[in-house]
Amino acid sequence: MDYFTHRGGVLHCEDVPLSKIADAVGTPVYVYSSATMIRHADVLRRSLEPLPDPLIAYAVKANPNAAVLRTLGAQGLGADVVSGGEYRRAIAAGIAPHKIVFSGVGKTADEMALALEGGLFQFNLESVEEAEMLSEVATRIGREAPIGFRVNPDVVAGTHAKISTGGAENKFGVPYADTHAAYRRAAELPGLRVQGVAVHIGSQLTSLAPLEAAFVKVGSLIGELRAAGHAISVADLGGGLGIPYNAELPSPPSPEDYGAMVRRIASEWDVRLVFEPGRLIVGNAGVLLTRVIRVKPGSTHPFVVVDAAMNDLMRPALYDAWHSIEAVAPHGGRVTANVVGPVCETGDTFAMGREMDSVAPGDLVIFRTAGAYAAAMSSTYNSRPLTPEVLVNGAEWAVVRKRIDIDRLIAADAVPEWLASAQA
Ligand SMILES: *Cc1c(COP(=O)(O)O)cnc(C)c1O
């Protein structure tokens, strides 16, 4: 469910015609719907009732824009951060430290110190070595670090290999067989307060079965850890629930089904539950708005060349991701086309042999479901400006990230002295 709908033949985001944004800001541009994000946060929250006071820590990496974080923070969401930069973004957006979870496999001593000084709900640690480093940092600055270990439950997530994280071969978490030793070691280390267990098995999961298998393992672990004398009061169940990208495929499980499963598995655990949804909250709250540059004949299908490229939206090149492609003001005809960007890489292909609205040069087109892992991964490859972002709220809209133009990119480079006077 989202708020991108046709009105009078023109696709709108809430009450704003996308053509108006394209004319004012230029293309390509990301456009986000506040109402859609708020709705998703609300649906998830309601699906978890009546669990007592779950912490919904939005996974900042999905979309770290300051205006997005403020929108979600105002809904009471916390933040799951995976770097010092994300921690600082969450704090800058007004998210309370006691709602921040710090995840990630390679936290540095500086990042640990930053979060300890500013405060946080919990570090999710991924190894004994990391616990040892955190103990040193916490002792040095005189703070106690609340921790849980991220357990690798060795389940097959059934999603794209590049976003599977819960298999024994993946870099993430403490191997299930080693968890007792890890907790034993952490309990001996000064400066750490052992309080939680965490799990996150992957992203864009389209079945509840692997999540349930992982949560069942977490449940047994909680019992075993308590029996071994650890005071476990938190279970962080991660994120990962998939969203529909392609209307022709079966829909992933709904947040309601997910919530019912969690309640069934976890209601007797006697812990505070934490959730780290990213894609579920922002995925279909965004579109990438682009303009057709030209239509070029091809040997099988015509190539529709748009002014967005893999640097703006990397998911198709990175994960073979499927995004729905639609005209903002369809003329009525249909065509089968290859949709590509201008970047000099064959991977800069959004879709091959796609049946879509027929389009002509100058027409506006959207890639749907581009609110998560989209602008967040954009780059300036091929010396293309960094894509701007717009947030819509009813009839209001605002640029929430300016286009970072070529002048600024050139200015960020520096020419060393020995080249400054070099002439051809
Ligand atoms: C990426 C990530 C998430 C969010 O995943 P989604 O699929 O976007 O819900 C949550 N927790 C951790 C540790 C992550 O790395």
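As the structure lists them, so they are numbered: ligands from 1, and atoms in each ligand from 1. These values consider heavy atoms only, across backbone and side chains, with no hydrogens, waters or symmetry-generated copies. Just so you know, these numbers come straight off a predicted model, no measurement behind them.
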Practice task
Give the ring-plane orientation class for Phe275 versus Tyr258, where under 30° counts as parallel, over 60° as perpendicular and anything between as tilted.
Solution key: perpendicular
Practice task
If you have a sec, work out which protein heavy atom is nearest atom 7 (O) of ligand 1 and how many Å separate them, to one decimal?
Solution key: Ser203 OG, 2.3 Å
Practice task
Please name the pair of heavy atoms, one in Ile366 and one in Arg368, separated by the smallest distance, quoted to 0.1 Å.
Solution key: CD1-CG, 3.5 Å
Exercise for the section: Would you mind listing which atoms of ligand 1 come within a distance below 4.0 Å of any non-hydrogen atom of Pro277? Expected result: 9 (O)
Problem - Over all atoms of both residues, closest heavy-atom pair of Ile91 and Pro97 - result: CD1-CG, 4.0 Å
Handout entry: Heavy atom of the protein closest to atom 9 (O) of ligand 1 (residue, atom name, distance)
Key = Gly240 N, 2.8 Å
Exercise for the section: Please could you name the atoms of ligand 1 that Ala59 approaches to less than 4.0 Å, counting only its heavy atoms? Expected result: 3 (C), 4 (C)
Completion exercise
In terms of heavy-atom contacts, Glu389 and Asn65 come closest through OE1-ND2, 3.3 Å
Practice task
Drop me the distance from Ser34's OG to Tyr3's OH, to the nearest 0.5 angstrom.
Solution key: 11.5 Å
Practice task
Consider every N or O of Lys61 and every N or O of ligand 1, then say whether any pair is closer than 3.5 Å.
Solution key: yes
Fill in the blank from the handout: The atoms of ligand 1 lying under 4.0 Å from a heavy atom of Gly239, numbered in the order shown, are 9 (O), 10 (C)
Handout entry: Numbered atoms and elements of ligand 1 in range of Tyr373, under 4.0 angstrom, heavy atoms
Key = 1 (C), 4 (C), 5 (O), 6 (P), 8 (O)
Fill in the blank from the handout: Short version for His200: what comes under 4.0 Å of ligand 1, heavy atoms counted, is side chain
Exercise for the section: Work out whether the distance between some heavy atom of Ala62 and some atom of ligand 1 is less than 4.0 Å. Expected result: no
Practice task
Give yes or no for whether the N/O distance cutoff of 3.5 Å, strictly under, is met between Gly278 and ligand 1.
Solution key: yes
Exercise for the section: Please state whether the rings of Phe367 and His323 are parallel, tilted or perpendicular, taking 30° and 60° as the class boundaries. Expected result: perpendicular
Handout entry: Region of Leu280 engaging ligand 1 - heavy atom pairs below 4.0 Å
Key = neither
Exercise for the section: Write out the residue and atom name of the closest protein heavy atom to atom 11 (N) of ligand 1, then the distance separating them to 0.1 Å. Expected result: Glu276 OE1, 2.5 Å
